[in-house]
Structure formats: C-alpha cells, structure tokens
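Here is the structure we will look at.
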Amino acid sequence: MSVIKIRGGRPLSGSIAVQGAKNSVLPILAASVLNGGKSIIHNCPDLTDVRISLDILKHLGCDVSFSNGTVVVDSSEITCTSVPDELMRCMRSSVIFAGALLARAGKAQISYPGGCNLGHRPIDLHLKAFKKLGIITEEEHGNLNFTADSISPCQIFLEFPSVGATENIMLAVCRTHGTTTIINAAREPEIVDLQVFLNSMGAHIRGAGTDVIEIEGTEKLHDCEHTVIADRIVAATYMAAVVVAGGRAEIKNIVPNHISAFIAVMRECGASVTVCDDSVIITAPKYIRPVKMINTLPYPGFPTDAQSLVMTVMATARGTSIIKENIFGGRFNHAGELARMGADISIADKIAVVRGVRNLSGCDVAAADLRSGASLAVAALCAHGETKISNVCYIDRGYENFEQALSLLGADIERVDESD
Ligand code: EPZ
C-alpha cells in the first residue's frame, strides 16, 4: 500500500501542463462502442478509472491499445452486452456503458455503478429517461437488464441537470432514427466534448453546453479521431496548491473559461490571476482573505469537484468563510481530516463554516474520495512538518502523476511504498 508524504513550507514556482479531463474521457471511451469501427482518442490521462474503462471495452469484445496518451479502440466486434459487477462498482461512469450498448446492440446488462462516496448517488434520472425512450428495465438480484427493440425518440425533461443522465441519453439515442431533445440538460464542458466526439464519428448532435440538446439519430457512424479537453478540476487543484503554498506558477494547456467560477473565487481571496489563451498565471496573496459564501452549483456555477479545494484554501484564511454543498449530500469527507491538521471547520447538513487558522500542522491523514485526497495534499503544502496521506488510490483515480506534477512546481513530496 503506498502513501504520499509531503513536507510543507515550500512556495511553488514554475509551470505545469494539465492532463486530459477524466470526466470527459470516461464517457468518450464508453461512446467508442457506438461506431463499430476505430476511435483514436488523444490526450487521454493514465488513470485507474481510464484503465477500468479499457477493461470494460475489452470485456465487451473491443480491441484496445493505449500508449503515449493515445487510446485506440476498435469496436467492430461486440461479443458481449453485460458489464461485470466488479467493474461496475469501480467507478460512477460505468453506468454510461448502458446507453452505449443500448444504441449499439439494443440491450445492456449492468449493476449499480460505484464511484466516490459522496452520499446517496441514485440513477433514477437515467432510468426515468430510459423508460420515456421505451427502454424496458428489469431489475433482479441487483442487476439491471435493459432491452429496447426500438427506442422511441422524444422530448426528455431532466428534473436536475445530471451530467451522467445527460450523457447516457445522448449515447442511447445516438443511432435512433428521429430527434430526441433533452431539456434542462447538464451544461458542463465535458458534455460539449462528448458532443464533439460523437459528431466526429458522424452523429448529429447540437446544443451541448446549453440546457437544450438535440440528438438526430443516425445509423451511419464511422471511424473518428478526437483530442480530449483539459481537466478543469486538475487545473483548479494546481491553482489552489499555489495559493495555499505561496509562490507563483503557470498552469498550461487549459481552457480558462472552463474554470471562470473558480478563478473568481481565487481572486476574491486575494490571489492574482492572469488569464492567457490556454493558460493562467497565478500568484499567491500575502495572506488569504476569507470568502463570505460559496455555493456549489451545476456548470457554469462553482464546481462541486473544487469544493474540497476551496475549503482547504479557506482553512488558513484571515477570517470566516461559508461553503454550501448543493450538489451532493455527503461531500465533506475532507473536513474531518483537515481538522486533524488543525483546521477549524463546523459542518451542519449542507453548510460548512470555515474559520481560518494561522497554521496547519502536518499529521497522518486518509483520503476518503478523489477530490478530498487531492485537497489534503494541497493542505499539506502549507502545513508545518510532514503529512502522510493514505488511501492514495483515490487520488490515482483522477490525477495522472500527481506527486511528479507537484514536485515539478517545487513541492517536497514523495510516494512511499508502505506494504505491511
Ligand atoms: C459527474 O458525476 C462527475 N463524474 C462528478 O465528478 C461531478 O461531481 C458530477 O458530475 C457533478 O458535476 C463523472 O463525470 C465521471 P450528476 P455524476 O449525475 O454524473 C443526483 C469527480 O470528482 N442524481 O450530475 O454522477 C446525484 O446524486 C466526480 O470527478 C440523482 O439524484 O453527477 C447528485 O446529487 C465526483 N439521480 C447530483 O444529482 C440521478 O439519476 C449530481 O449528479 C443522477 C444524479
């Protein structure tokens, strides 16, 4: 079992290029089932969740290769339409294979997806949409069997702009003759990237990035090539690291307007942020100012995936900040661990009150989910002494070469194998 050890107190400097987006490449890999041909996908980060998606694709009968950041999937042969439970449980985005298999083969057998423990994460919006499309769902012994002799295109209103449900619908109807409209669709940049990928294989989708997406299904899909967008949450992670550790750094290969809400909050707490075409230069403030109220919201609002990062930044601010987590019911796993480091945080339901303290102190902490793990590493950069982070497998789900990246910026960080 490996741990990450960080000795705090070093300001960061230099420049770092940001990896491809986990939450974009995962639905894109599921979508590569659709064209029955070749998909060449560039800027693919080497993450455990990507490896699991490749295992699912191989299980379904696809030929898969992955080298130097490029994945090639050949989905000419689909020999199976069921995803094994042990793979379903590894991540949330395994559920997107249901829509892909329904479009390609008219059926899919999955179980409930796994993913970070962020509170209750039902898939009722996915199932409701499938039912509206005429997809039959049978649930037995924890398995979900979907069949669709024919999928009937229609208008689907999402009660909540669910990212996963939007993606699942887009895939399920991609090859269905007729037009399906998603109203109140998720507007995240990763949805736009999925539309670009699907259209590059011959699909006819428009509206991604807005709350109305129209999919005009077509059978004629072909080989395609795509480059995945940059990971906006990884970019936010490195920005938070600079603000907390001190110093100045350039965060490269990003789409700055994908993190406008996060940049606004970093500026509000005193950081200087220069926005360039495909990078930002961030300079830490002399001291961090508190931010009165931060609400996590669907895109383009403040991203829930950056909530643990901003809590870490506020932990050593000169005053009190309030964070409201509106997206997930249980996404404060990091608060307890930050408190072990000396943070002063009170939690009441969806609200976290963060009273800034002068210093954090290094100690042993445990990651409880992907973004919590990353935020503990960020906190360790300013903590006095050494911090040891366990359960780093969570961090590896979403961050490629995590410790190498922070070390490149000057952090005193290492990964140590502490096998029992
Ligand atoms: C995606 O999860 C991301 N994961 C999450 O990132 C991200 O936090 C989330 O979108 C919100 O932006 C991937 O893309 C792989 P949702 P997803 O469906 O699709 C509720 C990370 O750290 N809901 O928009 O699961 C749900 O419980 C991960 O990279 C239902 O109630 O998010 C949650 O409260 C974490 N019923 C809210 O909606 C449903 O059928 C948002 O969920 C579906 C969702």
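Because the structure is predicted, anything quoted here is derived from the model rather than measured. Just so it is clear, the values below take in all heavy atoms, side chains as well, and ignore hydrogens, waters and symmetry mates. Ligands are counted one by one from 1 in listed order, and the atoms in each one are counted from 1 as well.
Atom 18 (O) of ligand 1 has as its closest protein heavy atom Ser162 OG, 2.7 Å. Nearest protein heavy-atom neighbour of atom 8 (O) of ligand 1: Asp305 OD1, 2.5 Å. Nearest protein heavy-atom contact of atom 17 (P) of ligand 1 is Arg121 NH2, 4.0 Å. Here the protein heavy atom with the shortest distance to atom 3 (C) of ligand 1 is Asn23 ND2, 3.6 Å. Among protein heavy atoms, atom 11 (C) of ligand 1 sits closest to Thr304 CG2, 4.0 Å. Looking from atom 33 (C) of ligand 1 to the surrounding protein, the closest heavy atom is Ile327 O, 3.4 Å.
Residue-to-ligand polar distances place His120 within reach of ligand 1: an N/O pair is separated by less than 3.5 Å. Distances between N or O atoms of Val163 and those of ligand 1 include at least one value under 3.5 Å. Looking at Asp124 next to ligand 1, an N or O pair under 3.5 Å apart turns up. Remark: ligand 1 and Pro161 share no N or O pair separated by less than 3.5 Å (distance only, no angle test). Residue contacts with ligand 1: Glu167 is placed with no nitrogen or oxygen under 3.5 Å of a nitrogen or oxygen of the ligand (distance criterion only).
Residue Asp369 does not touch ligand 1, judged by heavy-atom distances below 4.0 Å. Under 4.0 Å from ligand 1, the heavy atoms of Leu370 that appear belong solely to its side chain. At a heavy-atom distance under 4.0 Å, only side-chain atoms of Lys22, from C-beta outward, approach ligand 1. Residue contacts with ligand 1 for Arg371 involve side-chain atoms from C-beta outward but no N, CA, C or O (heavy atoms, distance under 4.0 Å). Only the side chain of Arg92 comes within 4.0 Å of ligand 1, counting heavy atoms alone; its backbone N, CA, C and O stay farther away. Looking at Leu125 against ligand 1, both its backbone and its side chain come within 4.0 Å, counting heavy atoms.
Residues Leu102 and Phe130 form a side-chain contact, since some pair of their non-hydrogen atoms from C-beta on lies under 4.5 Å apart. Put simply, the side chain of Met170 reaches to within 4.5 Å of the side chain of Ile191, judged on heavy atoms. With a 4.5 Å cut-off on side-chain heavy atoms, Met266 and Glu268 do not count as touching. Side-chain contact check for Pro161 versus Glu188: every heavy-atom pair is 4.5 Å or farther apart.
Using a 4.0 Å cut-off between charged nitrogen and carboxylate oxygen, Arg415 and Asp396 count as a salt-bridge pair. For Lys5 and Glu414, the salt-bridge test fails: no basic side-chain N is under 4.0 Å from an acidic carboxylate O. Residues Arg51 and Asp46 are paired through a salt bridge, judged by an N-O separation under 4.0 Å between the basic side chain and the carboxylate. Using a 4.0 Å cut-off between a side-chain N of Lys or Arg and a carboxylate O of Asp or Glu, Glu325 and Arg331 do not qualify as a salt bridge. Between Lys22 and Glu400, none of the side-chain N atoms (NZ, or NE/NH1/NH2) sits under 4.0 Å from a carboxylate O, so this pair counts as no salt bridge. Salt-bridge check for Lys38 with Asp74: failed, with every basic side-chain N at 4.0 Å or more from each acidic carboxylate O.
Residue Gly164 approaches ligand 1 through these ligand atoms, each under 4.0 Å from one of its heavy atoms: 18 (O), 19 (O). Taking every non-hydrogen atom of Leu118 and a distance limit under 4.0 Å, the qualifying atoms of ligand 1 come out as 35 (C). Listed by atom number, the atoms of ligand 1 under 4.0 Å from Arg331 heavy atoms are 8 (O), 22 (O), 35 (C). Each of the following atoms of ligand 1 lies closer than 4.0 Å to a heavy atom of Phe160: 37 (C), 38 (O), 41 (C). Near Ile123, meaning under 4.0 Å from any of its heavy atoms, are these atoms of ligand 1: 39 (C), 40 (O). Within the listing of ligand 1, atoms 40 (O) sit less than 4.0 angstrom from a heavy atom of His126.
The environment of CD in Gln404 is crowded: more than 12 heavy-atom neighbours from other residues, nucleotides or ligands sit within 6.0 Å.
Within the structure, the closest approach of Leu127 to ligand 1 does not fall below 4.0 Å when heavy atoms are considered. At least one heavy atom of Pro122 lies less than 4.0 angstrom from ligand 1.
The two atoms that bring Ala245 and Leu381 nearest to each other are CB-CB, 3.8 Å, heavy atoms only.
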Requested in this report: Show your working on side chain to side chain donor-acceptor pair (under 3.5 Å) between Arg232 and Tyr299 and close with a plain yes or no.
Outcome: CA-CA 12 Å; Arg232 57 197 170 99; Tyr299 191 88; over 6 Å; no
Query - side chain to side chain donor-acceptor pair (under 3.5 Å) between Asp369 and Asn333, intermediate numbers included - result: CA-CA 8 Å; Asp369 63 68; Asn333 297 322; 2.8 Å; yes
Requested in this report: I would like to know whether Thr179 and Ile215 meet side-chain contact (heavy atoms from CB on, under 4.5 Å); could you show each step before the answer?
Outcome: CA-CA 5 Å; Thr179 301; Ile215 304 105; over 6 Å; no
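Using a 4.0 Å threshold on non-hydrogen atoms, atom 20 (C) of ligand 1 does not count as touching the protein.
A side-chain donor-acceptor contact under 3.5 Å links Tyr399 and Arg371.
Closest to atom 42 (O) of ligand 1 by heavy atom, among Tyr299, Phe328, Tyr394, is Phe328.
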